[in-house]
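Worksheet for the structure shown next.
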Number of protein chains: 2
Amino acid sequence: MERSRRARQKPATIHDVARLARVSKSTVSNVIRDVPGVNPETRERVQEAIRTLEYRPNVVARQLVQQRTTLLGIVIGDLSNPFYAEMAKFVESFAAAHGYQLMFCNTQVDENTELDGIRSLIEHRVAGLLFLAYAGDAESARQAVGEQLPIVFLTCDAGWGDVVAVDDFAAARAGTQHLIDLGHRRIAYFADTVHEARAERARQGGYALALQEAGLTPSILRWHDRPQLVEAGGSICTIQTALTAPERPTAIFAANDLHAVDILDAADQASLRVPEDLSVVGFDDIAISRIARINLTTIAQPKEALARLAVDLIVGRIGGKVQGAHQRHSLPFTLLQRRTTGPSPAP
Amino acid sequence: MERSRRARQKPATIHDVARLARVSKSTVSNVIRDVPGVNPETRERVQEAIRTLEYRPNVVARQLVQQRTTLLGIVIGDLSNPFYAEMAKFVESFAAAHGYQLMFCNTQVDENTELDGIRSLIEHRVAGLLFLAYAGDAESARQAVGEQLPIVFLTCDAGWGDVVAVDDFAAARAGTQHLIDLGHRRIAYFADTVHEARAERARQGGYALALQEAGLTPSILRWHDRPQLVEAGGSICTIQTALTAPERPTAIFAANDLHAVDILDAADQASLRVPEDLSVVGFDDIAISRIARINLTTIAQPKEALARLAVDLIVGRIGGKVQGAHQRHSLPFTLLQRRTTGPSPAP
DNA sequence: TTGAAAGCGCTAACAA
DNA sequence: TTGTTAGCGCTTTCAA
């Protein structure tokens with residue numbers, strides 16, 4: 001048996017099983033799908049045939065006739081950012097619990113790759129699309145997606161589709177306020193140039209508002225050529241220069257933990273003490289931020305709850321249980337005060 | 001138009017396009033597939049119809065008739081380990097370059113989940129299966145997979161299917177030898193209990209051989225209840241105790257960087273200086289290991305090259321360009337000496 | 001309780 | 001250069 005299977009190359013079909021069990025295809029189908037009302041003896045005969053043929057239902061065929069898949073497309077900004085990897089992991093496990101598989105497309109490289117990926121997802125007729133941040137511009141993605149399937153933006157937002165996220169604006173404001181409360185006057189924002197176009201803007205906006213309310217001047221930092229050069233106020237310099245210049249910031253609010261760790265690293269290399277000389281706040285609370293050597297003050301997002309809600313929502317939309325206008329779910333964030341923030345150094 | 005599309009719910013089919021363009025389905029199909037020999041005017045008319053209907057080819061139907069998919073199943077041990085996330089990212093990008101999409105299944109939770117995941121991948125008729133380490137036992141996975149599709153084990157090994165990895169045995173031996181050369185006599189191995197059954201054993205074997213050749217006694221450490229309790233030599237104690245007891249190791253070779261970072265963290269909490277009191281070597285060279293605060297001595301795996309080779313190999317097998325017995329590709333590792341290893345403290 | 005038949009959307013001969 | 005036709009493997013009425 002084993003030998004003939006290998007020789008035959010092609011996997012057994014429902015038809016092969018039917019023939020071997022001497023029943024019709026429909027009966028086999030009924031057995032597979034656990035439809036009640038199949039004679040126990042027949043059922044046993046069919047199952048026997050399934051076993052000997054090592055039959056596995058062809059989901060592709062089933063999908064075609066049922067006109068739906070149990071596939072969720074997930075568009076990930078950058079898997080090498082542990083925040084996204086952790087989110088993806090949660091999403092995968094909740095999706096699996098609902099009987100959905102994940103097809104994924106990483107979008108790091110460039111916008112065209114991303115659009116190709118999205119198109120491919122659509123052509124595979126994914127039942128829904130989950131965005132975990134994305135690189136391209138909203139409009140082209142929207143066009144590629146079209147109108148016909150549920151979209152959930154998870155920890156990001158493009159103005160169309162459901163949104164499940166924390167209130168980035170409020171969170172950034174709270175993080176910045178924490179620095180202001182510690183007496184800092186020169187607080188820079190370390191922007192993420194690549195990802196989360198909209199969430200990024202919200203965070204930057206929250207930062208700006210907090211500063212404005214305190215009568216302080218915003219100052220934006222971003223990588224120009226990692227890990228050496230940054231752009232600060234329109235000019236390019238090394239990150240060490242930016243951190244040690246006379247008008248240097250005494251505190252930095254980073255768009256995410258990875259950027260915060262970059263700052264920590266640069267501070268170490270510039271012999272700046274954290275938090276005595278420089279305070280740093282991150283965003284995301286990735287695993288590494290918790291270890292003693294990092295101990296990063298950061299805004300924690302409730303990753304598991306976010307992922308669960310996003311999956312419930314998209315599955316609900318797919319099943320028609322959730323209908324109507326786009327929903328916006330805002331989950332609570334937490335400011336985790338650890339050891340990278342302290343009082344502003346004396347001027 | 002826009003309105004009617006939404007109202008119609010179901011996506012346009014090739015048949016709709018054919019009708020609108022007043023041609024046959026085949027002609028539409030020929031246009032879609034860029035088959036030469038279609039009258040330019042006809043082509044234009046078809047494309048016009050495709051645009052107005054927002055037609056997207058149904059890959060599911062295509063897959064059914066062509067009897068193959070462009071799907072690669074990827075089984076990931078633990079996405080929250082940056083090593084796997086980084087590998088997955090590379091794999092995704094090479095796969096995309098070959099026109100393949102990734103369906104993934106994380107296997108963290110338990111073995112049954114993993115088997116379900118693999119089964120689901122098979123039933124979706126993935127063209128090949130890539131294992132990035134896995135939790136379950138080899139035999140049940142092998143059964144679930146059957147015999148009919150190419151398998152590549154990437155940075156892991158289960159004894160069946162192609163293997164693309166570094167020589168874990170030699171690498172661990174080299175890492176351990178580095179510690180021996182530094183004068184350490186009590187060198188423990190910090191094992192990973194969960195993943196990479198076989199790669200893990202190889203690493204442990206390399207460690208053991210190096211010790212044996214130096215006439216030293218092996219000692220295995222593993223998490224019993226992270227992040228507090230470890231198992232050391234059959235007994236359970238806190239990790240601090242294990243690191244500070246009289247017979248404490250002066251050096252630890254960790255199964256991977258994440259475990260090494262755990263040791264660093266525990267050492268910090270136990271006020272042990274690294275490397276003065278304790279040397280630590282990791283495995284993988286994940287991004288975080290490079291920052292100044294970690295600066296981990298570690299065995300680097302050539303991630304991108306591994307991923308590229310694995311994808312080339314599996315795509316080759318799928319296309320029939322690669323045939324014959326299982327291949328084992330061993331790529332070179334690199335011992336990166338950074339700042340977590342130093343001379344053994346005086347006894 | 002089982003079987004026959006239609007058809008999901010597409011490709012790939014082959015015929016016209 | 002285009003159209004006709006026969007499936008791919010399955011589900012799902014409907015009849016027997």
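This is a predicted model, so every value here is computed, not measured. The chains referred to below are lettered A, B, ... by the order of the sequence lines, with proteins before strands, and numbering in each begins at 1.
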Parallel, tilted or perpendicular for Phe104(B) and Phe104(A), by the 30°/60° rule?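 Aromatic pair Phe104(B)/Phe104(A) classed perpendicular.
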Please evaluate residues Ser80(A) and Glu86(B) with respect to the criterion side-chain hydrogen bond (donor to acceptor under 3.5 Å, both in side chains), reporting the C-alpha separation (whole Å), side-chain torsions for both, the decisive distance (0.1 Å), and the verdict. CA-CA 5 Å; Ser80(A) 63; Glu86(B) 289 173 27; over 6 Å; no
Using the 3.5 Å cut-off, write out each protein N or O paired with an N or O of nucleotides 3-5 of chain C and the distance between them.
{"residue": "dG3(C)", "atom": "OP2", "partner": "Ser24(A)", "partner atom": "N", "Å": "2.7"}
{"residue": "dG3(C)", "atom": "OP2", "partner": "Ser24(A)", "partner atom": "OG", "Å": "3.2"}
{"residue": "dG3(C)", "atom": "OP2", "partner": "Thr27(A)", "partner atom": "OG1", "Å": "2.9"}
{"residue": "dA4(C)", "atom": "N7", "partner": "Ser26(A)", "partner atom": "OG", "Å": "3.4"}
{"residue": "dA4(C)", "atom": "N6", "partner": "Ser26(A)", "partner atom": "OG", "Å": "2.6"}

Indicate yes or no for a side-chain donor-acceptor contact from [X] to the backbone of [Y] under 3.5 Å, with no hydrogens or angles considered.
| X | Y | result |
| --- | --- | --- |
| Asn81(B) | Asp78(B) | no |
| Arg33(A) | Ser29(A) | yes |
| His124(A) | Val59(B) | no |

Under 4.0 Å between a side-chain N/O of Arg33(B) and OP1 or OP2 of dA12(C), yes or no?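 Yes, such a contact exists.
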So, is Gln66(A) near the phosphate of dC8(C), with a side-chain N or O under 4.0 Å from OP1 or OP2?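 Negative; the distance criterion is not met.
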His98(A) and Asp312(A): side-chain donor and acceptor closer than 3.5 Å?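 Note: His98(A) and Asp312(A) side chains meet the donor-acceptor criterion.
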Atom-to-atom span, [atom1] of [X] to [atom2] of [N] - whole angstrom:
| X | N | atom1 | atom2 | answer |
| --- | --- | --- | --- | --- |
| Glu44(A) | dT1(C) | CD | P | 16 Å |
| Gln67(A) | dC8(C) | CD | P | 8 Å |
| Arg62(A) | dG7(C) | CZ | C1' | 17 Å |
| Asn58(B) | dT11(C) | CG | P | 9 Å |
| Leu64(A) | dC10(C) | CG | P | 9 Å |

For Gly37(B) and Val65(B), take the nucleotide of DNA chain D holding the closest heavy atom to each; which residue's nucleotide lies nearer the 5' end?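 Checking each residue's closest nucleotide, the 5'-ward one belongs to Gly37(B).
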Contact class for Val59(A) vs. all strands (heavy atom < 4.0 Å): base, sugar-phosphate, or nothing?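 Answer is nothing: Val59(A) stays at 4.0 Å or more from every strand.
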Neighbour count >12 (heavy atoms, 6.0 Å) for atom CZ, Arg68(A):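 Check fails, neighbour count at 12 or below.
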Arg328(A), CZ: over 12 other non-hydrogen atoms inside 6.0 angstrom: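 Counting other residues, nucleotides and ligands, CZ of Arg328(A) stays at 12 neighbours or fewer.
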Residues Arg51(B), Glu44(B); criterion salt bridge (Lys or Arg N to Asp or Glu O under 4.0 Å); working and verdict: CA-CA 10 Å; Arg51(B) 259 175 265 124; Glu44(B) 183 45 50; 3.3 Å; yes
What closest approach, in Å, do Leu154(B) and Ala310(B) show between heavy atoms, and which atom pair accounts for it?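 Closest approach of Leu154(B) to Ala310(B), heavy atoms only: CD1-CB, 3.7 Å.
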Checking Ser120(A) against Gln101(B) for the side-chain hydrogen bond (donor to acceptor under 3.5 Å, both in side chains) test, could you report, in this order, the C-alpha distance in whole Å, the side-chain angles of both residues, the deciding distance, and whether it holds? CA-CA 8 Å; Ser120(A) 165; Gln101(B) 285 73 45; 3.1 Å; yes
Report the end-to-end axis angle of the helix from dT1(C)-dA16(D) to dA16(C)-dT1(D); each axis comes from five terminal pairs, and the value is rounded to 10°.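 Angle reported: 40°, given to the nearest ten degrees.
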Quick check for you: name the first and last nucleotides of DNA chain D, 5' to 3', having an atom under 4.0 Å from a heavy atom of chain A.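 That gives a stretch of dG9(D) to dT12(D).
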